[in-house]
Amino acid sequence: MADNDDVKTMSFEAALAQLEEIVGKLESGRAPLAESIAIYERGEALKKHCEALLQAAEARIEKITLSRDGKPTGTEPLDA
């Protein structure tokens, strides 16, 4: 599990599911120390990937602007 290059191509949902699985395994204490270290490192890579995907999604979200009579007039950044 030391090679985490595949994480970069994972969907958010797949990465999150795997991250949840890793957290469960670490919390249970069932993994030997060497395996715990390896899956922790993979978990870090998955966490960073999920955060990057979320940031990219947030950057794409826009708010629809309306005229006084309620008709759409365009969009603007959500946090404008």
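Since the structure is predicted, the reported quantities are computational estimates derived from the model, not experimental observations. Counting begins at 1 with the first residue of the sequence.
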For this session: Working to the nearest 0.5 Å, report the span between CD of E58 and CG of L53.
Result: 11.5 Å
Problem set entry | Interatomic distance, L46 atom CG to D6 atom CG [nearest 0.5 angstrom] | 8.0 Å
Exercise. Tell me, do L16 and K47 make a side-chain contact under 4.5 Å, heavy atoms counted?
Worked result: no
For this session: List in chain and number order the residues that pass salt bridge (Lys or Arg N to Asp or Glu O under 4.0 Å) with K25, two or more places apart in sequence or in another chain; answer none if no residue qualifies.
Result: E35
For this session: Determine yes or no for a side-chain-to-main-chain donor-acceptor pair under 3.5 angstrom, with H49 supplying the side chain and M10 the backbone.
Result: yes
Exercise. Do the side chains of E51 and L54 get nearer than 4.5 Å, heavy atoms only?
Worked result: no
Problem set entry | Main-chain N/O of A31 paired with S36 side-chain donor or acceptor, under 3.5 Å | yes
Exercise. When you look at CD of E21, are more than 12 heavy atoms from neighbouring residues, nucleotides or ligands closer to it than 6.0 Å?
Worked result: no
Problem set entry | Note, L19 side chain near R42 side chain (heavy atom, < 4.5 Å) | no
Exercise. Does the side chain of T65 come under 3.5 Å of the side chain of T73 through a donor N or O and an acceptor N or O?
Worked result: yes
